[in-house]
There are 2 protein chains.
Amino acid sequence: MSIFPRPQPPAACADCRLRQTQGFQPVTEEELACIQAFRSGTRKVAAGRAVIAELGDPVNLFTLYAGWAFRYKTLSDGRRQILNFLLPGDFIGLQAEFANTATHGVEALTDAQLCVFPQSGLWDFVRRNPKLGYDITWLSASGEQVVDENLVTVGQRNAAERIATLLIRLARRAERAGLVDGDGAFEFPLTQQHIADALGLSLVHTNKTLRKLTQLGLHEIRDGRLRIVKPGALAALADYAARPLRPQPLI
Amino acid sequence: MSIFPRPQPPAACADCRLRQTQGFQPVTEEELACIQAFRSGTRKVAAGRAVIAELGDPVNLFTLYAGWAFRYKTLSDGRRQILNFLLPGDFIGLQAEFANTATHGVEALTDAQLCVFPQSGLWDFVRRNPKLGYDITWLSASGEQVVDENLVTVGQRNAAERIATLLIRLARRAERAGLVDGDGAFEFPLTQQHIADALGLSLVHTNKTLRKLTQLGLHEIRDGRLRIVKPGALAALADYAARPLRPQPLI
DNA sequence: CGTTAATTTGAAGTTTATCAATAACAGTGG
DNA sequence: CCACTGTTATTGATAAACTTCAAATTAACG
């Protein structure tokens with residue numbers, strides 16, 4: 001029995017656990033019905049397995065309901081770049097939808113539960129409910145912002161700054177997703193290899209730098225959980241100006 | 001008189017020079033009318049001036065009609081990351097729209113001509129014409145793909161590979177935008193500093209690496225124009241698999 | 001022309017990668 | 001419960017890539 005349960009999405013979207021949190025925008029009854037009608041099912045993906053294969057034609061869109069995942073791209077010689085991490089509520093598969101073929105893979109970082117939507121139904125869904133189409137644009141634009149940030153991090157920051165930036169941003173997003181518990185810690189399923197691949201660093205250098213930050217007392221990783229110990233110091237290192245994360249649409 | 005004229009957008013969207021090329025998806029009469037009604041004017045921005053200020057509340061969306069621009073973010077100590085380059089037909093300002101405050105700046109790389117749309121009118125525009133809303137999602141998702149690629153480049157490739165990747169991708173996009181002339185060359189307004197800022201390299205190292213590629217005969221930059229001399233060799237260096245660029249929606 | 005911006009080059013210094021190995025840990029079957 | 005096995009984390013040593021500093025050359029422009 002895991003300490004991090006991964007509940008299956010309920011049959012009725014109205015009972016969605018995520019919608020009961022502050023992290024997501026409210027919807028009308030009618031919108032909820034549209035979303036429910038659009039959803040074709042649910043799926044469980046085990047940790048380490050593909051949600052979307054890096055090559056091949058995707059046929060589904062997903063909303064991550066529980067667990068963690070990440071988007072990545074691989075070069076032909078095996079080098080892998082993690083583009084971003086996905087948390088509950090994130091919408092998956094849009095880029096592929098508009099490229100008609102997957103341009104990146106999505107892998108489950110933990111066991112994950114997903115809501116499934118048929119790719120072929122997207123246009124119809126948007127046509128019937130422009131507001132939800134607008135929400136999808138919102139999600140797409142905000143996904144791009146996350147990647148923008150990551151590009152700045154990888155392009156301009158040194159190793160310590162990169163790690164500080166990653167930790168602090170994940171903590172913010174985990175907070176919005178309601179994953180942070182009473183003592184300020186949250187599940188942190190990334191291995192150092194994931195961190196390295198996300199930040200464009202070697203595994204060894206990632207380890208040494210992470211260790212340095214730990215010894216400075218900036219953060220703690222124990223039992224698969226991360227706690228930010230000195231938010232101010234980490235934020236300074238990351239050149240991070242806190243702005244409140246806004247609730248996001250949930251499809 | 002410049003060798004690269006920057007025509008002003010015509011009064012009627014029906015006369016749009018861009019729509020006469022193969023690079024963009026066709027629209028119906030009705031859609032064209034919606035776009036025309038959405039457009040609030042045109043604007044000229046001189047090379048080096050801001051299209052969207054990095055801080056502050058943006059009030060407009062734009063389509064780049066002629067000229068080049070780039071999106072960027074700056075850290076508080078001045079380090080700058082160029083997120084991507086913008087070519088004619090690219091839509092500008094979506095991310096800011098959904099963040100309600102600019103999260104990045106957009107600067108004209110050359111003199112630029114733009115079509116202007118009121119930010120506040122976007123929802124109404126989408127509501128009236130879901131198909132065009134869908135197109136905007138398309139543009140947003142495809143913008144994210146470009147940034148995805150750049151993140152892979154900066155995170156995983158070495159200096160020579162980064163430069164090869166940048167040159168080859170810009171050449172592809174320039175081709176789609178109809179900017180490549182008979183002898184396979186196109187306007188290339190980037191300074192080495194821009195290249196460095198886009199690739200996360202120092203100016204000096206960018207110069208030395210660029211020079212090395214030139215001496216290998218892979219490309220030529222002369223009189224502000226770039227010609228790819230050995231596409232195959234450049235593509236191999238960039239681990240680039242050519243896939244035809246699809247026509248994009250044009251708002 | 002004269003002035004500023006952009007490019008080019010050499011030399012020295014730092015960061016990060018690579019190599020090689022060990023230690024800690026998690027899960028499995030006996 | 002323990003040995004076994006594969007994954008993950010840690011550490012030291014060396015090499016390579018890249019940055020920084022400083023300065024000269026070339027190009028662009030009013």
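For the numbers below, each heavy atom of this structure counts, side chains included, while hydrogens, waters and symmetry mates do not. Every chain is numbered from 1 and lettered A, B, ... according to where its sequence line falls, protein lines coming before strand lines.
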Legend entry - Charged N-O contact under 4.0 Å between B/Asp90 and B/Arg173: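 Judged by the 4.0 Å cut-off on N to carboxylate O distance, B/Asp90 and B/Arg173 do form a salt bridge.
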Legend entry - Salt-bridge criterion met for A/Glu161 and B/Arg79 (N-O under 4.0 Å):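 Salt bridge between A/Glu161 and B/Arg79, a charged N being under 4.0 Å from a carboxylate O: yes.
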In whole Å, I'd like the distance from the [atom1] atom of [X] to the [atom2] atom of [N].
{"X": "B/Arg211", "N": "C/dT8", "atom1": "CZ", "atom2": "C1'", "answer": "7 Å"}
{"X": "A/Gln156", "N": "D/dT20", "atom1": "CD", "atom2": "P", "answer": "10 Å"}
{"X": "A/Arg222", "N": "C/dC25", "atom1": "CZ", "atom2": "C1'", "answer": "16 Å"}
{"X": "A/Lys208", "N": "C/dC19", "atom1": "NZ", "atom2": "P", "answer": "14 Å"}
{"X": "A/Leu210", "N": "D/dA9", "atom1": "CG", "atom2": "C1'", "answer": "10 Å"}
{"X": "A/Asp223", "N": "C/dC25", "atom1": "CG", "atom2": "C1'", "answer": "12 Å"}
{"X": "B/His205", "N": "C/dT15", "atom1": "NE2", "atom2": "C1'", "answer": "13 Å"}
{"X": "B/Leu203", "N": "D/dA23", "atom1": "CG", "atom2": "C1'", "answer": "14 Å"}

Inset, instruction - Ignoring the backbone of B/Asn207, work out which of D/dT19, C/dT7, D/dT10 is nearest its side chain. - result: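 For B/Asn207, the side-chain atoms sit closest to C/dT7.
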Legend entry - Closest listed nucleotide, where the reference is the side chain of A/Val204 and the choices are C/dC19, D/dC21, D/dT10: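 Closest of the options to the side chain of A/Val204: C/dC19.
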Which part of the nucleic acid, if any, lies within reach of [X] when heavy atoms closer than 4.0 Å are counted: base, sugar-phosphate only, or nothing?
{"X": "B/Leu201", "result": "sugar-phosphate"}
{"X": "B/Gly200", "result": "sugar-phosphate"}
{"X": "B/Ser202", "result": "base"}

Inset, instruction - Measure up the A/Phe70 and A/Tyr72 rings against each other and bin them: parallel (under 30°), tilted (30 to 60°), perpendicular (over 60°). - result: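 Correct class here is tilted.
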Legend entry - A/Arg243 and B/Thr103, any side-chain heavy atoms less than 4.5 Å apart: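 In contact.
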Inset, instruction - Report yes if a side-chain nitrogen or oxygen of A/Gln192 is closer than 4.0 Å to either non-bridging phosphate oxygen (OP1 or OP2) of D/dT10; otherwise report no. - result: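 Result: yes.
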Inset, instruction - Using side chain to side chain donor-acceptor pair (under 3.5 Å) as the criterion, point out the one residue from B/Thr206, B/Thr209, B/Asn207 that pairs with B/Gln192. - result: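 Testing each of B/Thr206, B/Thr209, B/Asn207 against B/Gln192, the sole residue satisfying side chain to side chain donor-acceptor pair (under 3.5 Å) is B/Asn207.
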